[in-house]
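Counting convention: from 1, in listed order, for ligands and their atoms alike.
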Amino acid sequence: MDNKAVWKYVISLILILGAAYLEAVILGVQNDTTSLLLFTGVIILVLRFLGRGPAIFALVVSVIVSFSSLLIRDGQLDWSLSPFLKLLLFILENAFIIYIIDSYIKQTNEGLLKEKRFKTLIEESSEAFMLIKLTGSIHYHNQAVQRITGYREEELERISVWELIQDDDLTTVKEHYFKVASHAGSAVTIQHRLKKADGSFIWVENAIANHLHNKSIQAIVMNFKDVTSRINHEQEMGDFLGIASHELKTPLTSLKAYTQVLEMRLKAENNPNTIQLVSKMDKQINRIIGMIFDLLDVTKLQSGIMYLKKETFQLNDLVSEVAESLGSVHQTHEIELVLDQNIPVRGDRTRISQVLVNLVTNGIKYSPGSNKLVVRTAIVDDMVTIYVKDFGIGISTFEIKNLFSRFYRVNSVRESYQGLGLGLYISNQIIEQHHGKMGVESEEEKGSIFWFRLPLSMTED
Ligand code: ADP
């Protein structure tokens with residue numbers, strides 16, 4: 001036991017003896033249970049300020065002191081039951097008090113420690129945290145906010161959060177913010193530019209969450225980090241892909257034209273073996289051209305320049321056209337059509353056809369063991385849904401959530417099926433641009449149903 005601990009026991013001994021002296025000598029209280037109350041008071045004090053060990057020690061000392069006061073009467077031991085019971089009751093009461101107060105102190109200390117730990121974590125986190133009132137005023141911010149934005153503490157207390165958002169992004173951020181604010185418990189993660197104190201801007205990834213109804217927070221939480229270098233890198237990659245794909249497109253288109261001329265000449269010369277080789281070459285050129293178009297579409301989407309050329313067209317006519325042309329190219333599968341009434345749809349016909357072609361070719365590609373595909377349309381309320389059902393390899397539930405991400409390919413197909421993992425990403429973006437929705441239901445080894453839904457009221461651009 002170290003010196004400090006010994007002192008705690010000494011102090012508790014002095015306090016109990018002091019209390020006994022006060023009662024017996026100064027107040028003249030003897031042989032009375034009221035004297036025990038003072039000991040209880042001292043024990044609680046010792047417990048609060050010196051700890052459990054000294055408190056138990058104080059209890060033991062007070063029992064010894066009370067023993068002589070309660071049980072010894074006129075120099076004789078009082079053998080009647082009542083003083084023994086009083087002393088026993090005193091011991092039990094105090095043991096109980098020590099137990100209850102000690103657990104309470106422990107719980108409070110643990111709570112305080114947890115709170116301190118959590119506060120330090122948030123305070124010193126490299127990510128920025130802000131608690132914002134519905135009006136936009138910053139109620140709390142951690143140190144990272146100052147570091148990332150360059151604003152000083154007192155400036156952040158004065159300004160509203162909107163002053164931190166780059167002007168061009170303000171409307172979008174506000175839209176998301178108020179949408180989240182109007183739904184208890186909802187959250188969204190967005191990327192936008194942030195205006196720093198020196199006028200420069202950075203890109204941030206900002207998670208906005210509604211904790212207005214959470215009693216301990218009662219604010220909108222913004223948690224953001226600087227992602228400028230990642231965005232710049234993506235931008236450079238996109239620029240590179242854009243330039244490279246664009247430059248490759250022209251020579252490849254000429255190459256395709258030469259192959260077709262060559263194929264015609266060989267046909268005229270009746271040279272079947274060489275024709276076969278040339279048509280294989282043509283197929284490979286088509287694949288490369290397809291990939292280049294996908295890469296170009298991705299760069300267009302990334303830089304927000306995929307413009308839709310909207311027109312009104314009959315949906316069933318488009319579906320039949322796609323089914324017919326793909327059916328003649330891929331003779332391994334029969335494409336069955338189950339069409340609802342033919343309705344006019346307004347949108348970019350070429351882009352919607354691109355989506356359907358992608359889903360049908362995927363359906364064929366990923367169902368090598370079957371020979372059938374079903375394309376169905378269904379009109380429900382003011383939406384039309386186009387389903388493409390295959391009976392192929394299917395997709396696990398685990399992989400489904402990533403399918404519409406850029407360059408995502410299911411692990412098990414990487415080796416055996418060629419592709420870039422861009423078709424579904426592009427298709428999904430096209431459908432979103434038409435204010436529609438895309439989805440999939442699938443079961444491994446049974447097949448998949450990919451669908452996209454378009455609003456019928458697409459009469460306005
Ligand atoms: P790609 O087919 O070029 O890889 P996609 O974006 O069209 O790219 O598809 C992404 C991934 O989704 C594919 O790699 C494949 O793993 C999976 N997938 C798409 N369609 C189907 C389907 N009909 N059945 C099973 N898996 C599919």
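- Asp282 pairs with exactly one of Lys256, Gln260, Arg287 by the side chain to side chain donor-acceptor pair (under 3.5 Å) rule, that one being Lys256.
- Looking only at heavy atoms of the protein, atom 4 (O) of ligand 1 is closest to Arg409 NE, 2.6 Å.
- Nearest protein neighbour of atom 26 (N) of ligand 1, counting heavy atoms only, is Ile395 CG1, 3.4 Å.
- By the 4.5 Å heavy-atom criterion applied to side chains, Lys195 and Glu163 are not counted as neighbours.
- Annotation: Tyr417 is in aromatic contact with Tyr366 [ring centroid separation under 6.0 Å].
- The one candidate from Ile431, Val355, Asp294 that meets the side-chain contact (heavy atoms from CB on, under 4.5 Å) condition with Ile426 is Asp294.
- If you check which protein heavy atom lies closest to atom 6 (O) of ligand 1, you get Leu424 N, 2.8 Å.
- Compare Phe391, Tyr366, Tyr408 by their heavy atoms: the one nearest to atom 18 (N) of ligand 1 is in Tyr366.
- The side-chain contact (heavy atoms from CB on, under 4.5 Å) test with Arg349 singles out one residue from Gln354, Lys309, Glu311, and that residue is Glu311.
- Considering Arg376, Lys389, Lys372 as possible partners of Glu336, the one that fulfils the salt bridge (Lys or Arg N to Asp or Glu O under 4.0 Å) test is Lys372.
- At the top of the distance list for atom 23 (N) of ligand 1, counting protein heavy atoms only, stands Asp390 OD2, 2.9 Å.
- Backbone and side-chain nitrogen or oxygen atoms of Gly423 are examined, and one is located within less than 3.5 angstrom of a nitrogen or oxygen of ligand 1.
- Of the options Ser448, Gly421, Gly447, the smallest heavy-atom separation from atom 8 (O) of ligand 1 is shown by Gly421.
- Look at Arg147 and Asp226 and you find no salt bridge, because none of the NZ, NE, NH1 or NH2 atoms lies under 4.0 Å from a carboxylate O.
- Protein heavy atom nearest atom 12 (O) of ligand 1, with residue, atom name and distance: Leu403 CD2, 3.3 Å.
- For atom 20 (N) of ligand 1, the nearest non-hydrogen atom from the set Asn362, Val410, Val360 belongs to Asn362.
- Partner Glu441 forms a side-chain contact (heavy atoms from CB on, under 4.5 Å) with one of Phe450, Tyr387, Trp451 and no other, that one being Trp451.
- Less than 4.0 angstrom separates some heavy atom of Leu420 from each of these atoms of ligand 1: 3 (O).
- Near Lys365, with a cut-off below 4.0 Å to any heavy atom, the atoms of ligand 1 are 1 (P), 2 (O), 3 (O).
- Close approach of ligand 1 to Phe450 (heavy-atom distance below 4.0 Å) involves ligand atoms 19 (C), 20 (N), 21 (C), 22 (C), 23 (N).
- Considering backbone and side-chain N/O of Gln418, none are found under 3.5 Å from N/O of ligand 1.
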